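Report on the structure given below.
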Amino acid sequence: MELIQAQRGTKDILPAEKGEWSAQSRKWQAVEEVMRGEAEISGFREIRTPVFEDTRLFQRSVGETTDVVQKEMYTFLDQGKRSVTLKPEGTAGAVRAYLEHGLFNEPMPVKLYYLTPCYRYEKAQAGRQREFHQFGVEMFGSSLPVADAGLIAFAHSLFERLCIKNLKLKINSIGCPACRAKYTEALKDYFEQRKDKLCDTCLSRLDRNPMRILDCKDPQCGEVAKGAPHILDYLCDDCRGHFEQVKSILDSIGIQYEIDPTIVRGLDYYTRTVFEFVSEDLGAQSTVCGGGRYDGLVEELGGRATPALGFAVGLERLLMIMQAQKVEFPEPDTCELYVANIGEPAHLEAFRIVQQMRSCAVEAECDEVGRSLNAQMKYAGKIGAQFTLVLGDDEIASGKGVIKNMKTGEKKKVDLKNDLEGQFAAISCEGEDDLAF
RNA sequence: GUGGGUAUAGCGUAGUUGGUUAUCGCGCCAGUUUGUGGCACUGGAGACCGUGGGUUCGAAUCUCACUACCCACCCCA
């Protein structure tokens with residue numbers, strides 16, 4: 001019979017050492033734990049929003065004309081003929097919930113974080129999947145440059161905490177709608193006059209997203225782009241001042257950055273500060289984190305005008321970098337006590353002891369497939385059991401047993417009838433494993 | 001949507017002038033060993049050779065198509 005495979009662009013995340021490195025659930029758990037911890041320490045609280053939303057939410061926020069909305073959304077009619085869409089990113093849902101539940105009545109700023117799958121109908125390649133996962137944060141209610149810089153600093157410390165090296169921070173300002181409109185027009189004029197020198201893709205970019213021409217890899221386009229007008233020269237006084245302050249705060253806390261006028265987030269809602277963290281340890285998709293300010297979005301979705309900003313980290317890409325950089329992860333937990341048995345009465349007793357140990361938070365196992373004693377011991381070795389206890393007729397009769405340390409071979413007598421968990425705790429109480437990050 | 005590459009057991013692989021039963025390693029199961037794992041030895045299970053057609057007495061091998069995966073463009077996390 002034909003096997004059904006996982007959908008294109010989706011990946012199974014398997015336990016422990018099975019599967020490719022970046023698809024191992026314990027690595028994901030470790031990363032997620034760090035992210036939650038760092039977010040909470042910085043005052044962000046978790047929000048969980050549905051995986052699917054009214055399609056109009058994304059059309060209004062991400063923008064009708066963007067690639068994401070035009071050709072990458074998983075949109076379908078549900079049984080009630082409503083158009084719903086699997087979330088292509090995390091911000092829209094968070095803003096929707098912020099408005100729907102009146103979170104704007106909370107003390108400002110409102111700081112939220114999430115870990116969520118996202119869906120985009122794209123052709124998969126290295127670092128790009130149809131189902132991928134984002135860690136994101138959103139902050140509502142501050143228009144101050146210190147919020148922009150603070151958010152960037154938060155991302156920065158997050159990567160440091162995860163022992164990720166060699167990330168490059170790129171920042172830019174794309175101004176408010178007023179200055180961006182002026183700039184786009186100037187840019188169009190400039191390229192319009194040099195149309196004959198542009199490659200085909202750039203010609204199509206000309207009316208869709210002229211800023212994209214700036215980082216075309218075609219050498220001839222690159223030549224033309226060198227002389228193009230600069231967004232930073234078109235910023236209004238307010239936007240310029242804001243950007244200057246963001247930079248000087250970053251300078252003052254020692255965060256290195258590069259001003260890159262070509263970074264243009266492809267989602268319509270961004271204003272002013274935009275930034276990304278890129279890595280050379282990824283394939284062509286080098287951005288591991290992207291974000292910025294979106295001062296117009298809350299109003300766009302029907303709320304009171306509210307300054308806001310956020311960023312998202314691509315978890316698959318993050319894990320890919322960590323793999324490339326061989327970041328050490330904490331050792332996985334292994335079985336602490338394996339209770340082997342000889343014969344059926346002992347099997348039952350082993351089962352009882354395992355239940356008892358588990359209720360005291362000891363990771364315990366006994367035979368579940370009917371193996372011989374020899375095979376049980378082999379199995380205990382394979383799963384990395386730290387201690388074993390063998391039960392047979394003698395132990396059941398006497399109520400005494402022997403616990404063996406599988407690493408040292410050392411054996412200790414225990415009383416099976418009386419406070420076994422206490423005796424085991426005393427035997428196994430050596431140094432706890434230290435975290436790798 | 002457009003290009004390029006790849007396809008043999010769970011994983012990694014051998015197999016080119018087409019020729020019997022498709023190789024090896026790891027892993028898995030069992031035995032040597034119902035009273036103590038790791039080592040070793042022995043045995044076992046597991047492959048529609050990606051799918052479908054064509055050439056041929058005969059195809060994993062030659063050929064065509066399709067599909068899947070990977071990579072890149074585009075776009076983004």
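FYI, side chains are in, hydrogens and waters are out, and symmetry mates aren't considered; it's all heavy atoms of this structure. Proteins get letters first, then strands, A, B, ... in listed order; numbering begins at 1 in each. Small disclaimer: the values here were computed from a predicted structure and weren't measured.
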Using a heavy-atom cut-off of under 4.0 Å over every strand shown, decide if [X] touches base, sugar-phosphate, or nothing.
{"X": "A:Leu267", "result": "sugar-phosphate"}
{"X": "A:Glu131", "result": "nothing"}
{"X": "A:Ala312", "result": "sugar-phosphate"}
{"X": "A:Arg371", "result": "sugar-phosphate"}
{"X": "A:Glu344", "result": "nothing"}

From [options], nucleotide with atom closest to [X] side chain:
{"X": "A:Lys71", "options": "B:C74, B:A77, B:C28", "value": "B:C74"}
{"X": "A:Val390", "options": "B:C76, B:A77, B:G35", "value": "B:G35"}
{"X": "A:Arg128", "options": "B:U36, B:C74, B:C76", "value": "B:C74"}

Would you kindly say whether [X] and [Y] are connected by a side-chain donor-acceptor distance under 3.5 Å?
{"X": "A:Tyr294", "Y": "A:Glu300", "value": "no"}
{"X": "A:Tyr119", "Y": "A:Glu131", "value": "yes"}
{"X": "A:Glu421", "Y": "A:Gln356", "value": "yes"}

Using a strict cut-off of less than 4.0 Å between a Lys/Arg side-chain nitrogen and an Asp/Glu carboxylate oxygen, indicate whether [X] and [Y] qualify as a salt bridge.
{"X": "A:Glu365", "Y": "A:Arg358", "value": "yes"}
{"X": "A:Arg36", "Y": "A:Glu38", "value": "no"}
{"X": "A:Lys400", "Y": "A:Glu395", "value": "no"}

Applying ring pair (Phe, Tyr, Trp, His ring centres under 6.0 Å) between A:Tyr234 and each of A:Tyr183, A:Tyr190, A:Phe243, report the one that passes. A:Tyr183

To the nearest Å, how far apart are [X] [atom1] and [N] [atom2]?
{"X": "A:Glu365", "N": "B:G37", "atom1": "CD", "atom2": "C1'", "value": "16 Å"}
{"X": "A:Ile383", "N": "B:G38", "atom1": "CD1", "atom2": "P", "value": "15 Å"}
{"X": "A:Glu395", "N": "B:U36", "atom1": "CD", "atom2": "C1'", "value": "11 Å"}
{"X": "A:Gln70", "N": "B:C76", "atom1": "CD", "atom2": "P", "value": "12 Å"}
{"X": "A:Phe159", "N": "B:A77", "atom1": "CZ", "atom2": "P", "value": "13 Å"}
{"X": "A:Leu14", "N": "B:G27", "atom1": "CG", "atom2": "C1'", "value": "15 Å"}
{"X": "A:Asp67", "N": "B:G1", "atom1": "CG", "atom2": "C1'", "value": "11 Å"}
{"X": "A:Tyr269", "N": "B:C76", "atom1": "OH", "atom2": "C1'", "value": "11 Å"}

Using a cut-off of under 3.5 Å, enumerate the N/O to N/O pairs linking the protein to nucleotides 66-71 of chain B.
unit_1 : atom_1 : unit_2   : atom_2 : d
B:A68  : OP2    : A:Arg8   : NH2    : 3.2
B:C69  : OP2    : A:Arg8   : NE     : 2.7
B:C69  : OP2    : A:Arg8   : NH2    : 3.1
B:C71  : OP2    : A:Ala126 : N      : 2.7

On RNA chain B, check which nucleotide each of A:Gly291 and A:Thr408 is closest to and give me the residue with the more 5' one. A:Thr408

Can you tell me the base-pairing partner of [N]? Count Watson-Crick or G-U wobble geometry only, both distances below 3.5 Å, and say none if there is no partner.
{"N": "B:C49", "answer": "none"}
{"N": "B:U55", "answer": "none"}
{"N": "B:G3", "answer": "B:C71"}
{"N": "B:G10", "answer": "B:C26"}

Would you say the side chain of A:Thr55 lies within less than 4.5 Å of the side chain of A:Met73, judging by non-hydrogen atoms? yes

Report yes if some heavy atom in the side chain of A:Tyr257 is under 4.5 Å from a heavy atom in the side chain of A:Ile259; otherwise report no. yes

For the side chain to side chain contact (heavy atoms under 4.5 Å, CB included) test, which of A:Leu391, A:Asp367, A:Val390, A:Asn341 pairs with A:Leu373? A:Val390

Qualifying ring-ring contact (aromatic ring centres under 6.0 Å, His included) pairs with a residue from residues 35-54 of chain A, counting only residues at least two apart or across chains: A:Phe44-A:Phe154

Record whether the side chain of A:Glu122 comes under 3.5 Å of the base of B:A77 through a donor-acceptor pair of N or O atoms. yes

A:Lys404 side chain N/O closer than 4.0 Å to the phosphate oxygens (OP1, OP2) of B:G38? no

With the criterion being N/O to N/O and under 3.5 Å, what pairs connect the protein with nucleotides 31-34 of chain B, and how long is each?
unit_1 : atom_1 : unit_2   : atom_2 : d
B:U33  : O2     : A:Asn374 : OD1    : 3.3
B:U33  : O2     : A:Asn374 : ND2    : 3.2

